[in-house]
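What follows is a set of notes on a single structure, which appears directly below.
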Amino acid sequence: MLVSVTERTKEIGIRKSLGAKRHNILTQFLLEAIVLCNVGGLIGILIGFLLGNMLSAMTNMQATIPFEWALFGMGFCTLVGVTFGMLPALKASRLSPIEALRYE
């Protein structure tokens, strides 16, 4: 996410010069981090279900995957998104329009 903020400083500067508030930029980057982490978590859960079912089909063991653990995994992914998205989002929201447009 830090690389995303650095690469998109020009976009941030344009948004701020057009009147975007600090909380708008903060919300954009924070939601982006959360969505990215949740998509990764969802893919991981789907792969886990797939591998569990394949293992169950290949052996005589029955694979059970608790739904609560899938919810816990998604909650953890959200926590990771908030935790590691907060610093880049704060950095992006604090850029002044002139500073942001100066980067190339």
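Being a predicted model, the structure only gives us computed values, none of them experimental.
The shortest side-chain heavy-atom distance between Ile25 and Lys91 does not fall under the 4.5 Å cut-off. With a 4.5 Å cut-off on side-chain heavy atoms, Ile47 and Ile43 count as touching.
Criterion: ILVMFWY side-chain heavy atoms under 4.5 Å apart, direct or through other members. Under it, Ile12 and Met86 are not part of a common hydrophobic cluster. Placement of Phe29 and Leu36 within a single hydrophobic cluster is found when ILVMFWY residues are connected by side-chain heavy-atom separations under 4.5 Å, directly or transitively. Cluster membership for Phe49 and Phe72, using ILVMFWY side-chain heavy atoms within less than 4.5 angstrom, is not shared.
In this structure, the side chain of Lys16 engages the main chain of Ser93 through a donor-acceptor pair within 3.5 Å. For Ser56 (side chain) and Gly52 (main-chain N/O), no donor-acceptor pair under 3.5 Å exists by modelled atom type.
Of all the heavy atoms in Ile45 and Ala70, the pair that sits closest is CD1-O, 3.4 Å. Of all the heavy atoms in Val82 and Leu30, the pair that sits closest is O-CD1, 4.0 Å. Contact between Gly81 and Ala33 at its shortest, heavy atoms only, is O-CB, 3.5 Å.
Atoms CG and CD, on Asn53 and Gln62 in that order, are 10.5 Å from each other to the nearest 0.5 Å. Taking CG of Leu79 as the start and CE of Met74 as the end, the distance is 13.0 Å to the nearest 0.5 Å. With rounding to the nearest 0.5 Å, the separation of CH2 in Trp69 from CG in Leu71 is 12.0 Å. Between the CG atom of Leu51 and the CG atom of Leu46 there is a distance of 11.0 Å, given to the nearest 0.5 Å.
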